[in-house]
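Working notes for the structure below.
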Amino acid sequence: EVTSWEVEITSSIPASKVFHDFVIVLFDFVIKNVIPKDFGMTITNQEGDGGVGTIKIMMQDGSPQAKHKITGLDMENFTYSMVMIEGIGDDEYESTLSEMKVIPSRNGGCTFISKNTEFKEISEGEIEFQKEQIAEWFKVFEEVVSQGSNDY
């Protein structure tokens, strides 16, 4: 069963800043600004330089939690996509495609859109949780930016 859902957030922050400082570094941002430090979360590139084909692994206290592969990156059109990979070795499979886009608005702000396609069964409750999580992460990002900090 394939399920798709989308979150759209309007922001006063310029599109290029949202794309470069939130979308491209999403996991680094979340680990640094959302997840409590004592969870011991880190993210590293298993292979690649951050471009298309790069595989990133999120770890908690040295134990792998999630693996993501960058499948699309367009710096000019502010689009980014990645797929979450589950399983180990020959049993790995792509479980979720995340496509993010930032659309500049005339007032200098932007609209951030995150579309997720689940290639496995997922409950309405889990979809709502994920939508709320993305909205919360973006709210934290806006708070960090509004404080004038470039330390994210």
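As the structure is a computational prediction, the values presented were derived from the model and not from experiment.
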Take Phe29 and Asp21 through the test side-chain contact (heavy atoms from CB on, under 4.5 Å) and record every step on the way to the result.
CA-CA 8 Å; Phe29 176 83; Asp21 297 348; over 6 Å; no
Are [Y] and [X] connected in a single hydrophobic cluster, I mean Ile/Leu/Val/Met/Phe/Trp/Tyr linked by side-chain heavy atoms less than 4.5 Å apart?
| X | Y | answer |
| --- | --- | --- |
| Val25 | Val144 | yes |
| Ile103 | Phe19 | no |
| Ile55 | Ile70 | no |
| Ile57 | Ile24 | no |
| Trp137 | Met58 | yes |

Between Val52 and Leu73, what is the shortest heavy-atom contact and its length?
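Closest approach of Val52 to Leu73, heavy atoms only: CG2-N, 3.7 Å.
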With sequence neighbours left out, which residue pairs that include part of residues 56-73 fulfil the salt bridge (charged side-chain N to carboxylate O under 4.0 Å, His left out) condition?
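Residue pairs with at least one partner in residues 56-73: Lys67-Glu92.
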Pairwise salt bridge (charged side-chain N to carboxylate O under 4.0 Å, His left out) hits with a residue in residues 128-141, at least two apart
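Passing the test, one end in residues 128-141: Glu128-Lys131.
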Applying side-chain hydrogen bond (donor to acceptor under 3.5 Å, both in side chains), name anything that partners Thr42, two or more places apart in sequence or on another chain.
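Once residues adjacent in sequence are excluded, Thr42 has no partner under the side-chain hydrogen bond (donor to acceptor under 3.5 Å, both in side chains) criterion.
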Not counting sequence neighbours, which residues clear side-chain hydrogen bond (donor to acceptor under 3.5 Å, both in side chains) with Asn107? List them please.
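Asn107 satisfies side-chain hydrogen bond (donor to acceptor under 3.5 Å, both in side chains) with Ser105 once adjacent residues are dropped.
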Let me see the working for Glu143 and Asn33 under side-chain contact (heavy atoms from CB on, under 4.5 Å), right down to the final yes or no.
CA-CA 10 Å; Glu143 289 170 2; Asn33 295 283; over 6 Å; no
Enumerate the ring pair (Phe, Tyr, Trp, His ring centres under 6.0 Å) contacts for residues 44-75, please, sequence neighbours excluded, ordered by first and then second residue.
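Applying ring pair (Phe, Tyr, Trp, His ring centres under 6.0 Å) to every pair that reaches into residues 44-75, excluding sequence neighbours, yields Phe27-His68.
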My understanding is that a hydrophobic cluster links ILVMFWY residues whose side chain heavy atoms are under 4.5 Å apart, including indirect links. Using that, what else belongs to the cluster containing Phe129?
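Its cluster mates, by chain and number: none.
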Acceptor/donor pairs from residues 74-83 side chains to any protein atom, 3.5 angstrom cut, sequence neighbours excluded:
unit_1, atom_1, unit_2, atom_2, d
Asp74, OD1, Glu76, N, 3.1
Asp74, OD1, Asn77, N, 3.0
Asp74, OD2, Asn77, ND2, 2.8
Ser81, OG, Thr71, OG1, 2.8
Ser81, OG, Gly72, N, 3.0

Is the shortest side-chain heavy-atom distance between [X] and [Y] below 4.5 Å?
| X | Y | answer |
| --- | --- | --- |
| Glu6 | Glu8 | yes |
| Phe22 | Lys17 | no |
| Leu26 | Met100 | yes |

Donor-acceptor contacts under 3.5 Å from residues 9-16 side chains, at least two apart:
unit_1, atom_1, unit_2, atom_2, d
Ser11, OG, Ile13, N, 3.1
Ser11, OG, Glu142, OE2, 2.8

Could you list the donor-acceptor pairs under 3.5 angstrom formed between side-chain atoms of residues 111-124 and any protein atom two or more places apart in sequence or on another chain?
unit_1, atom_1, unit_2, atom_2, d
Asn116, OD1, Ser98, OG, 2.5
Thr117, OG1, Ser4, OG, 3.2
Glu118, OE1, Thr96, OG1, 2.8
Lys120, NZ, Glu86, OE2, 2.7
Ser123, OG, Glu126, N, 3.0

